[in-house]
Asker: 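Before we start, here is the structure in question, set down as structure tokens.
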Amino acid sequence: WLASMAVGRLTEEDAVRAREGTDAPVHVGRRFGILAKARRRIVFVAASLPLWMTVRTCVRLVGWIVPGLGRLLARMVPVAVPGLSRGADPIAIEAASPAGEGEE
């Protein structure tokens, strides 16, 4: 019943070439390439963290002195600045009443 869904058939040489391109050493080599790329990204993010923390602190300082300019700068940087970026506002949490009070 799957024969009608077949798009085409591989020739013998295409089948051999497909098997050669998918053996274990090829898979391991590709996987190491992917992992090396991910490792470089993580190292870059970790190494640049002090820079972004300094940028956030400077923008917060400017926002404390000139709030409008601080909000403008907070929109320009690719990191969230607490109190100045959209969506970085503190969440208001209402205090829960102690157990037994107000229940009737």
Side-chain angles (χ1 to χ4, degrees):
W1 65 277
L2 288 176
S4 63
M5 295 182 195
V7 176
R9 287 195 178 270
L10 291 176
T11 61
E12 273 303 314
E13 59 264 5
D14 287 340
V16 169
R17 193 172 61 202
R19 274 189 235 105
E20 288 173 355
T22 58
D23 58 354
V26 172
H27 171 74
V28 169
R30 288 182 184 157
R31 185 68 182 159
F32 275 140
I34 291 169
L35 290 174
K37 188 176 180 181
R39 198 174 296 118
R40 282 191 299 269
R41 286 181 182 166
I42 289 172
V43 168
F44 173 74
V45 168
S48 67
L49 183 63
L51 168 75
W52 294 117
M53 296 300 289
T54 304
V55 168
R56 281 174 48 151
T57 303
C58 291
V59 171
R60 287 180 79 182
L61 179 65
V62 169
W64 183 67
I65 297 168
V66 183
L69 181 59
R71 282 190 293 276
L72 179 68
L73 291 174
R75 285 188 203 135
M76 298 169 110
V77 296
V79 292
V81 180
L84 298 174
S85 294
R86 264 189 213 141
D89 301 326
I91 298 173
I93 300 174
E94 295 180 20
S97 62
E101 285 185 24
E103 295 178 15
E104 294 186 30

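Hydrogens, waters and symmetry mates play no part in the numbers below; they use all other heavy atoms, side chains included. Since the model is a prediction, treat every value here as computed from it, not as a measurement.
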Asker: Between Leu51 and Met76, is there shared hydrophobic-cluster membership here, with clusters defined by ILVMFWY side-chain heavy atoms closer than 4.5 Å?
Answerer: yes
Asker: Determine, using the 4.5 Å side-chain heavy-atom cutoff (strictly less than), whether Leu84 and Ile65 are members of one ILVMFWY cluster.
Answerer: yes
Asker: With hydrophobic residues grouped by side-chain heavy-atom distances under 4.5 Å, do Val59 and Leu49 end up in a single group?
Answerer: no
Asker: Starting at CZ of Arg17, measure out to CD of Glu13 and round the result to the nearest 0.5 Å.
Answerer: 8.0 Å
Asker: Could you check Arg31 against Val28 for side-chain contact (heavy atoms from CB on, under 4.5 Å), going step by step and ending with a plain yes or no?
Answerer: CA-CA 5 Å; Arg31 185 68 182 159; Val28 169; 5.6 Å; no
Asker: According to a 4.5 Å side-chain heavy-atom criterion applied to Ile, Leu, Val, Met, Phe, Trp and Tyr, with indirect links allowed, do Met53 and Val79 form part of one hydrophobic cluster?
Answerer: no
Asker: Which atoms form the tightest heavy-atom contact between Pro82 and Arg56, and what is the distance?
Answerer: CG-NH2, 3.1 Å
Asker: Around atom CD of Glu12, are there more than 12 heavy atoms of other residues, nucleotides or ligands at under 6.0 Å?
Answerer: no
